[in-house]
Amino acid sequence: MSLLTALRETVAGFKSLLTGMRITAREAAKPSITVQYPHDTLKMADRFRGHVKLVLDPVTGKSRCTSCNLCVRACPSDCLTVEGIKREGEKKKSVSEYTLDFTTCSLCGSCVEACPSDAIEYSKDYNVVSLDRAEFARMDLLKKLEAEAKVWAEKNPELAAAAAAAAAAQAAAATAKAPAAATTASAPGAGAAPVATTPAPTPAVAPVPAAGVTETRTT
Amino acid sequence: MNFLQTEPIRILLYLVGICAFVGANAAYLVLAERKGAGRIQRRPGPNEAGFGGLLQPLADGIKLLAKQVMVPPGTDALLFRAAPLLVMAPPLMCLAMIPFSDSITARSLNVGLLFVFSFGSINVMALMLGGWASRNKFAIISSARVVSQNVAYEIPMLLVVITLLMVTGTMDLNEIIQQQGGGFWKWNLFKVWVNPLMPVTFVIFFICMLAETNRAPFDMAEAESELVAGAFTEYGGMGFGVFFMAEYANIVVGCSLATVLFLGGWQSPIGVLSGGLWGAGWFLLKLYALIFTVIWIRWTFPRTQFYSLLNLSWKILIPISLFTLLLTGAMMKLPVVYNHFF
Amino acid sequence: MSTFPFQDAILVAIFALVVGVTIGGALIAALSTRIIRGVSGLMLCCMGLGGLYYFLNSPFLALMEILIYVGAVCVTIVFGVMLSEPDEPAHEESRRHAVLWGGAALLVSLVILGGVAHLGLRGPWQEPAARVSDGSVQAIGLALLTTYSLPFELISIVLLVAILGALVIARSGRTKE
Amino acid sequence: MIAQKDLIPVDNGGDPTKETFVLNLGPQHPAAHGVLRVLLTMDGEWIQRAEPVIGYIHRMHEKMGENRTWAKFLPNTSRIDYLSAMHYTHAFVGAVERAAKIEVPVRAEYARVITSELNRISSHMVWWGALLLDLGGFTPILYAFDDREKILDLLEALCGARLTYCYYRFGGLYNDVDDAFLKGTRDFVAHMKPRLKMYRELVTDNIILRKRLTGIGPLSADLCRRYGATGPVIRGAGVAYDVRRAEPYSVYPKLEFKIPTYPEADSMARYLVRMDEMEQSLFIIEQALDQIPTGPFIGKVPRVLKLPVGDTCYAVEAARGRFMVRIVSDGKEIPYRVKLRTPSFSNLSLYEEASKGMILPDALAMMGSLDLVIPDIDR
């Protein structure tokens, strides 16, 4: 290697360094692109796959889930538990327990695809936090739905009233058919129906508060 | 005023002043570095503690202080503890020599330049002892690298400084600055009539300064992707904090030396307004411009390979600096020879 | 300068400190069993020596002492130690040998000390009329190239030999097969 | 587990004066990119022997395949190599489709190509940034992630996930590609071209990077063949082997692209191959966007999938090389065997032989140029 080529290479190398510095200077002049997370948040995409949640039927104010257990069967990591009960006067079963073990869920979405009645969808929650592991190990989706139903009922009082009326009619029909069973059966949504006027009792996992039945009857 | 000028008070004032300067610089240069890195990478950098992150150094300091001082088993406990002290002392000593203005110098010495270099050379020893005493393989590899790197880069640096000494004829830093007064074209950086390669000399000095302070792209001592944290892998808490601060203190010393030697120190670039506090202002402006360049370089380039680092020193920097040395000598003696014969 | 209170006392204290550092460093260098501490002691000793030179009105020499002996020689020694020292401290030599070598070393150093002391006490001491060197570049250059040119050249030969020796050692150690 | 004798290998070549020591690189080390552990027997900074110790993140994907239905295994495939999830899903889906003779609509195939190539670019960007982190350059990874974020946003809007897409289904796709996605992809291609030029100026032409990669870690074509290295590693050794051409699948035969090769076989060659591949991927995406037809996005698939008895293979060109799925069916709902041939495993295998006698930082630069994803090795 002659002295001249060595010198030329050195100069070329030095020039490449200056080019690099020019580029970083140019980038430094551009505005910052960080989203300051706790202060600003991003809007999740429409198809964002968060954890699953039960869909609130905008007509009935209840879940559409029929506890057919197809989602449980589709789940590769066995993280769903679904229990249903057959209520009097209803053609299909309705859900009485829907829990997700979020610690093993891999957010694959197989359950949503498997669902025949579009009863579950992806939530847009991406920052679920808790100090308690149990809250993730046993995420009660039905409870979340009931809380949602309460808000829904406050927002749409007439829809809620209609739904309650429908439920009452159904229940009445049921009592007409089998009066003995009436005291044990009611839909969970029905309990939340009179919320427009009086605050509903805190939704519990146990779906059939006896008071709800009597109240429904009086309306 | 008379009281302030008595010797003990003066010494005390400068002692406190230098410690405060080094401490504040070390703390806030960390912030400046992180902010600068953020700017280059198009993110805001630390901005939660205090207004715009201004309290971040304080928060870091509290966190480091609150940590337990660990001396891992198997280490040489005495040297392990001594190394952080040893690493912080040289920059403090060196800054005593740096003239911040024509009237603000902690201690003016007629061999000031030599003083800076002799105490600057202890820094290596500290890093090496720290690494060795850690009894950690990564730290020892790092120590070995630090030594070869510093030894290799001390040579071109000293050659460059000798070139400069031939031009200035003095080792008194204040006098060197005074020679560069009257506008930026009189700075040593632009003295092309003395030596046409003067800007190259400055670049060599700057590169050597980066290498001596173990800054990217020559950060062999703390090559985190290879050696975890290099010589201070085993240090935690304030031990690590001191090493970290010493790095910035060394940068301050190196950059102020570059400012003094090549950029006219406290001299104004336009030839007026260079006395007193104005001088200090110019000095700090130049100093921080250089420090900013150092930060800018760090966040632009990948790390050099170890042998290409040594190759750069032995095959490129030393020959060029030797050549500039010869050239300067020839240029200085040419008129003498010419007058002698003709 | 003149307004410094207790100037003499402070100067004496600093001098004592410097002498203490020198002797203490030397003792650490000689007495510690771990080589690395010995080198650290040597470094301390050199720093003290630099201080002594400063007291002898020779800041240039003082700084050179630190630059070369601490910054270069000690670093090189530690570097060597780092690469060569086995993990465990070397096994103790037999006591008889230790006593023998220690005694010999003591004898040699006593003889040298006696000689230097003899010269120092017998030699004529006088105040230098003026400072030999004011530390300016010109004066040092003149001194090195005129009065002291022979020692200067001798030192460079020593350095050359040292570099060659280092190269020879390094080559034999690093050769593969 | 590692036996005690492996921890202290006495490898001084019969020369007792030669001192070696063992450096434990990983499983927690900044350069180990995950939990790879490399036992380095070092002589100073020279590597005498580098023994990769794997298995720290082993998740038994193959075994999991044997105890769940075909559809249930599908989410697993995007978790083997999480950086090129699309390709991995493609291979598994393709294998099942081949075995069950399921027709895939053309639109779905084009969408698969587009998303796969987007995924390849995003994967190469992570590699690019991580390699530069290994080399001590901090800024490029953030520039790369800025651009990668655009890809992830596109894919998230399409399939709801940013990393483990799980987007392909037997016989088609999970969702149709909408116009917003197609337009966004077109914009991205236009955006990416000047960015690639910036990458080149900032990094590829940089003298420090050139010095660090040129001539480092030569992996000859013969060595690559012996260890089964594929992808950019073998293309960097001058062999134009690309599954998209060698065993054509999907609609790749209808698309034009070059197979970048560099004969130097060093780390720089592998670097340049990947940089060129990003360009080629953009080129492929452009063509696919022009050619994508309208139509259904999923074909006819039986509700309960039972594959005929048999043994089927399907290979794709993943970002790191040839990924092949071999499925063996005994006619039941559950696979008899799912074998995954992952590229990173083969690419790592040659590391021990190739890194002998290298200096530590060079060995790490070479490891970076192999583009290892540790879960892909351990699966």
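To find a chain, count down the sequence lines: A is the first, B the second, and so on, and within it residues start at 1. Because the structure is a prediction, the values reported are computed rather than measured.
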With a 4.5 Å cut-off on heavy-atom pairs, point out which of D/A157, D/S78, D/A71 contacts chain A the most. D/A157
In terms of heavy-atom pairs under 4.5 Å with chain A, the winner among D/C159, D/C166, D/A161 is D/C159
Could you work out, with side-chain hydrogen bond (donor to acceptor under 3.5 Å, both in side chains) as the rule, every residue matching D/D153, not counting sequence neighbours? D/R162
Which heavy-atom pair separates A/R73 from D/K72 by the least distance, and what is that distance? O-CE, 2.8 Å
Exceeds 12 heavy-atom contacts within 6.0 angstrom, atom CG of A/D40: yes
Using heavy-atom distances under 4.5 Å, tell me whether D/D178 contacts chain A through its side chain, its backbone, both, or neither. side chain
Residue, of A/D46, A/L42, A/L17, A/L107, that accumulates the most heavy atom pairs under 4.5 Å with chain D: A/L17
Let me confirm one number: the CG-CZ distance from D/L155 to A/R47, rounded to the nearest 0.5 Å. 11.5 Å
A/K124, NZ: over 12 other non-hydrogen atoms inside 6.0 angstrom: yes
Which bit of D/Y165 is near chain A, if near means a heavy-atom gap under 4.5 Å: side chain, backbone, both or neither? backbone
What residues of residues 28-35 of chain A sit under 4.5 Å from chain D when you count only heavy atoms? A/K30, A/I33
Measuring from atom CE of D/M198 to atom OG1 of A/T19, what distance do you get when rounded to the nearest 0.5 angstrom? 13.0 Å
Residues from residues 168-176 of chain D approaching chain A under 4.5 Å (heavy atoms): D/R169, D/Y174, D/N175, D/D176
With a 4.5 angstrom heavy-atom cut-off, is it the side chain or the backbone of D/L158 that approaches chain A, or both, or neither? both
Could you tell me which residues in residues 205-215 of chain D have at least one non-hydrogen atom under 4.5 Å from a non-hydrogen atom of chain A, sorted by residue number? D/D205, D/N206, D/I207, D/I208
Where is the tightest heavy-atom contact between A/R49 and D/T164, given as atom of each residue plus distance? NH2-O, 3.2 Å
Please determine whether the number of non-hydrogen atoms from other residues, nucleotides or ligands lying under 6.0 Å from atom CZ of A/F14 exceeds 12. no
Give a yes or no on whether a salt bridge exists between A/E27 and D/R195, defined as a side-chain N under 4.0 angstrom from a carboxylate O. yes
For residues A/I23 and D/Y199, determine if any side-chain heavy atom of one lies less than 4.5 Å from a side-chain heavy atom of the other. no
Is the CZ atom of A/F102 crowded by more than 12 outside heavy atoms at less than 6.0 Å? yes
Looking only at A/G13, A/G109, A/G20, A/S77, the option with the highest number of non-hydrogen pairs under 4.5 Å against chain D is A/G13
Can you say whether A/M21 sits under 4.5 Å from chain D via the side chain, the backbone, both, or neither, judging by heavy atoms? neither
Of the backbone (N, CA, C, O) and the side chain (C-beta and beyond), which part of A/S106 lies under 4.5 Å from a heavy atom of chain D, both, or neither? both
Considering all heavy atoms, the nearest D/P75-A/S110 contact: CG-OG, 4.1 Å
